[in-house]
Amino acid sequence: MFRTVLTDRLQSAFTSAGILLPEGFVPTVGIASDTRFGDYQSNAAMTLAKQLKTNPRALAQQIVDKLEVSDLCEKVSIDGPGFLNFTLGGKALAQHLSLILKDDQAGVPKVSAPKRIVVDFSAPNIAKPMHVGHIRSTFIGDCLARVARLVGHTVITDNHIGDWGTQFGMILHGWKTILDHAALEKDPIQELVRVYKAINAETKTDPAVLDTCRQELVKLQQGNANNLEIWKQCVALSLDQLQTIYGKLDVHFDHYLGESYYNDKLAPLVESLQSSGIAELSEGAICVFFREVPELAEKPCLIRKSDGGFLYATTDLATIDYRIQEWQADEIWYVVGAPQELHFRQLFQVSKKRGQTVAMQHVAFGSILGQDGKMFKTRSGESVGLIEVLDEACERARAVVEEREGLTNDEKDQIATIIGIGAVKYAELSQHRMTDYKFSWDKMLALQGNTAPYLINAYVRTRSIFRKLEDNVELTQELVISEPAERALAMKLAQFAEASHDVLADHRPNLLASYLYELADTYHSFYEACPVLRAEGAVRNTRLTLCQTTSKVLKTGLGLLGIRTTERM
RNA sequence: GCGCCCGUAGCUCAGUGGAUAGAGCACCGGAUUUCUAAUCCGAUGGUCGCAGGUUCGAAUCCUGCCGGGCGCGCCA
């Protein structure tokens, strides 16, 4: 990765120039914001000059005199108030392209200190259909897991299913009184939802029903055999259906350890927290106070209700224990919505009090809003099912594919699925995770502009050239990059490494999405400006190599977003 | 009341200390008997919510204000 190599060289130059770096000062090199000046740039001289109270340009000159980058750069210049601008040489670029081509991970270097990272995402509820609200956690989590794996971390994905909520009181009561077994067989989730909604409505008008539901729940929690059996059936039926969706989405988990998995660990956990003095009795409930943290001083974390029941935080604490003990987790990433920020702050504080050193990160994201700009609530009745969105996306893609020639119906179906699902994923991942956005069919399913089909089309264009190519052409490493469009593409390709690593710095898939969009855009421009097959000799060879490299980076990059590619469209 | 997040082009959004703030959509003008146009080239469009401050340099950092969203003990 050029950025780190140049940073290292810069560091050495400081040393050779005899410049003592102040505590905490790290020279940085970044991708140039304006390519007129160069490919990479550094503001280290300006930043340091401020601290040392010297002239930035003179300091820059001192550094450049000691800088050894002749193997990488054809030019290093000092511009403006003291920017260092690096222009890569053709040979270094060509070498990097050839690395991308032969490397298993397309030139993305591994981290020097790999970690064991648990990624907790998706977490749908049992007996409820997945809706558009699940899109964010599922796609962001899946993408982060893929990127973390690529850069060398050991990643454990865990779907912390909501399989033990209070909603089971209603489902149990409904199962026993109004369940339609034929309907259950046909579409389990739909029937369970119907039952849940019907009973939920009854509880609003009839307090006796509510009471019955509570009793059913207590019986379940106390281990009543019949209720437990019904619960198991619900879980099994729901998991089946979830697996189907995840299969369609190409999202996979190493574990499905739902809330229920931790049931028997909760009582001893609360006891130990109490006996160690971390938790205390307050207003009948057991909670952990954070009197030493001003912002949390009046916001205790409840771990046991006054009626003896356990809570969200209790299960999460038990889950942390498990992940540390069984999986030796160094880090845990929770891909959960921003409204739960307080919950996680409390959770992390409790963990800290217990002396746990695992690094925990709440990867928060904004809300998908309804057309009214309010939260997209499940019970509002307006929520759109995830399946419906995916089906609609594939149908729209299919309508476009239909007009293409030379494809069989089966191929058209497959292509439409890849594009449809890719479009939905890209709509999410190309967005900053903290931004709230209104759900819109058109936005989610757009096939034009900055969308998955645009990127996939760029990939298809790289492939079609090779299909037309006679025989096997030996791609040499001697590249002749002369046209601006060629050089722009080569530079873009080299930056895949930086883009991939940037995703993990702040858990931001959209940085990779915009990189890939820029790459596709650069390729499309190159494609118009530089004929490949009609060119000859070294020029043709160079262009073929650029196409081949683009092909690999697009496929790998889209793969990191969880988006599949197709050879034709 | 306190805490967190957000406010950038008509719309949807990138950009979190660097050089002239960028895309997509929409609108307007061009390019095609194609290495498959789901494409390309160009034009129009912005006191980056407001006001101060720090800095050689601020959409970006700090303070205050305005507007919107979310959260703040027995749901998850």
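Letters go in sequence order (proteins before strands), and every chain restarts at 1.
As rounded to the nearest Å, B:rA14 and B:rC50 have C1' atoms that lie 24 Å from one another. Taking the P atom of each, B:rC66 and B:rU54 are spaced 24 Å apart, rounded to whole Å. Annotation: B:rC62 and B:rA9 have their C1' atoms spaced 28 Å apart (nearest Å). As rounded to the nearest Å, B:rG64 and B:rC4 have P atoms that lie 11 Å from one another.
Distances shorter than 4.0 Å separate some side-chain N or O of A:Lys305 from OP1 or OP2 on B:rC75. Contact between the side-chain N/O atoms of A:Ser464 and the OP1/OP2 oxygens of B:rU36 is found at a separation under 4.0 Å. For the OP1/OP2 pair of B:rA38 and a distance below 4.0 Å, the side-chain nitrogens and oxygens of A:Arg404 include at least one atom meeting the criterion. For A:Thr435, a side-chain nitrogen or oxygen approaches OP1 or OP2 of B:rA14 to under 4.0 Å. Close to B:rC35, at under 4.0 Å from its OP1 or OP2, lies a side-chain N or O of A:Arg534. Considering only side-chain N and O atoms, A:Gln448 lies under 4.0 angstrom from the phosphate OP1 or OP2 of B:rU39. For A:Ser514, no side-chain nitrogen or oxygen approaches OP1 or OP2 of B:rA23 to under 4.0 Å.
Nearest nucleotide to the side chain of A:Met434, out of B:rC5, B:rC35, B:rA19: B:rC5. When distances are taken from the side chain of A:Tyr527 to each of B:rG69, B:rA19, B:rC35, the shortest belongs to B:rC35. Residue A:Glu341 has its side chain nearest to B:rC4 when only B:rC4, B:rA38, B:rG18 are considered.
A 4.5 Å side-chain heavy-atom check between A:Phe526 and A:Glu486 finds at least one atom pair inside the cut-off.
Residue contacts for A:Leu302: at a heavy-atom cut-off of 4.0 Å it reaches a base atom on one of the strands shown. Among the atoms of the strands shown, only primed sugar atoms or phosphate atoms (P, OP1, OP2) are found under 4.0 Å from some heavy atom of A:Gln431. Residue A:Thr166 is in sugar-phosphate contact alone, with no base atom involved, counting any heavy-atom pair closer than 4.0 Å across all strands shown. Contacts of A:Ser367 with the nucleic acid, taken as non-hydrogen atoms under 4.0 Å apart, are absent. Residue contacts for A:Val401: at a heavy-atom cut-off of 4.0 Å it reaches a base atom on one of the strands shown. The residue A:Asp442 sits apart from the nucleic acid: no heavy atom pair falls under 4.0 Å. Contact annotation for A:Ala285: base contact, defined as any heavy-atom pair under 4.0 Å involving a base atom. Using a 4.0 Å heavy-atom cutoff across all strands shown, A:Asp163 reaches no nucleic acid atom at all. Note on A:Arg36: a base of the nucleic acid sits closer than 4.0 angstrom, heavy atoms only. Residue A:Phe310 is classed as a sugar-phosphate contact, given heavy-atom separations below 4.0 Å to backbone atoms only. Nucleic acid contact class of A:Asp307 (heavy atoms, under 4.0 Å, all strands): none. Base engagement by A:Pro453 is indicated by at least one non-hydrogen atom pair under 4.0 Å involving a base atom.
Between A:Ala397 and A:Leu311, the residue anchored closer to the 5' end of RNA chain B is A:Ala397, taking for each the nucleotide with the nearest heavy atom. Summary of the strand contacts: A:Asn510 and A:Phe289 both lie near RNA chain B, and taking for each the nucleotide with the nearest heavy atom, the more 5' one is attributed to A:Asn510.
Of the N and O atoms on the side chains of A:Asp442 and A:Ser440, not one donor lies less than 3.5 Å from an acceptor on the other residue.
Remark: RNA chain B forms stems of 3 or more consecutive Watson-Crick or G-U wobble pairs, all pair distances under 3.5 Å, at B:1-7 with B:66-72, B:10-13 with B:22-25, B:28-31 with B:39-42, B:49-53 with B:61-65.
Following rounding to the nearest Å, A:Leu429 (CG) and B:rU12 (P) show an atom-to-atom distance of 21 Å.
Remark: the backbone N or O of A:Ser367 is paired with a side-chain donor or acceptor of A:Asp436 at under 3.5 angstrom.
Residue pairs meeting the salt bridge (Lys or Arg N to Asp or Glu O under 4.0 Å) criterion with at least one member in residues 511-535 of chain A, sequence neighbours excluded: A:Arg461-A:Glu528, A:Lys492-A:Glu518.
In summary, A:Asp502 and A:Arg3 engage in a salt bridge, as defined by a charged side-chain N under 4.0 Å from a carboxylate O. A salt bridge links A:Lys353 with A:Glu292: the distance from a Lys NZ or Arg NE/NH1/NH2 to an Asp or Glu carboxylate oxygen falls below 4.0 Å.
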Tell me, for nucleotides 54-63 of chain B in 5' to 3' order, what letter each nucleotide earns: B for a base near a protein heavy atom under 4.0 Å, S for only sugar-phosphate near one, - for neither? -SBB------
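Judged by centroid separation below 5.5 Å and plane tilt below 30°, A:Tyr437 does not stack onto the base of B:rU12. Look at A:Tyr454 and the base of B:rA38; the rings do not stack under the cut-offs of 5.5 Å between centres and 30° between planes. The side-chain ring of A:Phe83 is stacked on the base of B:rA19, judged by centre separation under 5.5 angstrom and plane angle under 30 degrees.
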